Number of protein chains: 2
Amino acid sequence: MEVITDNSRSQMRKGVLEYCILSVLDRKESYASSLIEELKAANMIVVEGTIYPLLIRLKNQGVLSYRWEESTQGPPRKYYCITDKGRMMLLQMDKEWNEMIKTIETLRK
Amino acid sequence: MEVITDNSRSQMRKGVLEYCILSVLDRKESYASSLIEELKAANMIVVEGTIYPLLIRLKNQGVLSYRWEESTQGPPRKYYCITDKGRMMLLQMDKEWNEMIKTIETLRK
DNA sequence: TTTTACTACTTTGCGATACAAGGTATTAAA
DNA sequence: TTTAATACCTTGTATCGCAAAGTAGTAAAA
């Protein structure tokens, strides 16, 4: 996993947003505006200016792919779905996240 | 807690380092080089170029204070300790952290 | 038919963080 | 007096999250 091994720890520090997005997309594909709503429902606020560049970044890394789909109302949507590489990354992130929780528990006893 | 209310959520996303540092200093005062070692022992790698500006920032926010102390071997040390304001911030961070864990659990079910 | 409203995707510029790398200064031992 | 060890500090760079503004497709109202 050269995508994540080197800097996954520092990435995790900077934000769990990637982790959240991959988690949602691991269950079902979605498009940006919908993703924003799903994350908001889970109490993780994210705005357009954050999520669009992030989705593009993840797509360029090969952890996401997308396809256009017509909408019955409004412009076409870019549906993102997780790739095999993305699923592997997600498993790695699970590990990192659980380690982070343990680290905090250790420090905050 | 005007220090954190506005952007604590986004801060938490960016890094749990502040949380870790306050957690350590909540148990006992410490100086930068020692803090780095304590954090490393808990699996949270941090380097000088990160921690010095961060400690100064926290001190300027009034959540930490420091005093100089002579060392038996080497130059004097800047011992940081948490303030009342810092302890309140730490309690708020506990809350944010626990909410973050719940959020992730929700998304990653 | 033109305007308005809504939805959706994109880009730009800013502030803040983490870090690599290099610098300053004190103490003690070789 | 040079070297090693310890400790604090600063500079420059990359990247993230976000506010704000822009582009564009669709449909309903005027």
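Note that the structure is predicted; figures quoted are calculated from it, not measured. Just so we're on the same page: letters track the sequence lines, and every chain starts at 1. All values below were derived from every heavy atom in this structure, side-chain atoms included, with hydrogens, water molecules and symmetry-related copies excluded.
Remark: the backbone N or O of L22(B) is not paired with any side-chain donor or acceptor of D26(B) at under 3.5 angstrom.
Taking atom CD of residue E48(A) and atom C1' of nucleotide dT23(D), one finds them 12 Å apart after rounding to whole Å. Taking atom CG of residue L55(B) and atom P of nucleotide dT17(C), one finds them 13 Å apart after rounding to whole Å. Nucleotide dT27(C) holds its P atom 12 Å from the CZ atom of R77(B), rounded to whole Å. Remark: C1' of dC16(D) and CD of E18(A) are 10 Å apart, rounded to the nearest angstrom. Residue I21(A) contributes atom CD1, which lies 12 Å from atom P of dC16(D) at whole-angstrom precision. The CD-P distance, from Q73(A) to dT4(C), rounds to 22 Å in whole Å. Regarding I51(B), its CD1 atom lies at a distance of 16 Å from the C1' atom of dA20(C), rounded to whole Å. Atom CD in E70(A) sits roughly 17 Å away from atom P in dA24(D) (whole-Å rounding).
For the pair R57(A) and dT15(D), the criterion of a side-chain N or O lying under 4.0 Å from OP1 or OP2 is not met. Look at Y52(B) and you'll find a side-chain N or O under 4.0 angstrom from OP1 or OP2 of dC8(D).
For the pair K78(A) and Y66(A), the cation-pi criterion (under 6.0 Å, within 45° of the ring axis) is fulfilled.
Listed in residue order, the members of residues 32-42 of chain B having a heavy atom less than 4.0 Å from DNA chain D are A32(B), S33(B).
Counting any heavy atom pair closer than 4.0 Å across all strands shown, T72(A) reaches sugar-phosphate atoms only and no base atom.
Nucleotides of DNA chain C nearest to L54(B) and P53(A) differ in position, and the one nearer the 5' end is that of P53(A).
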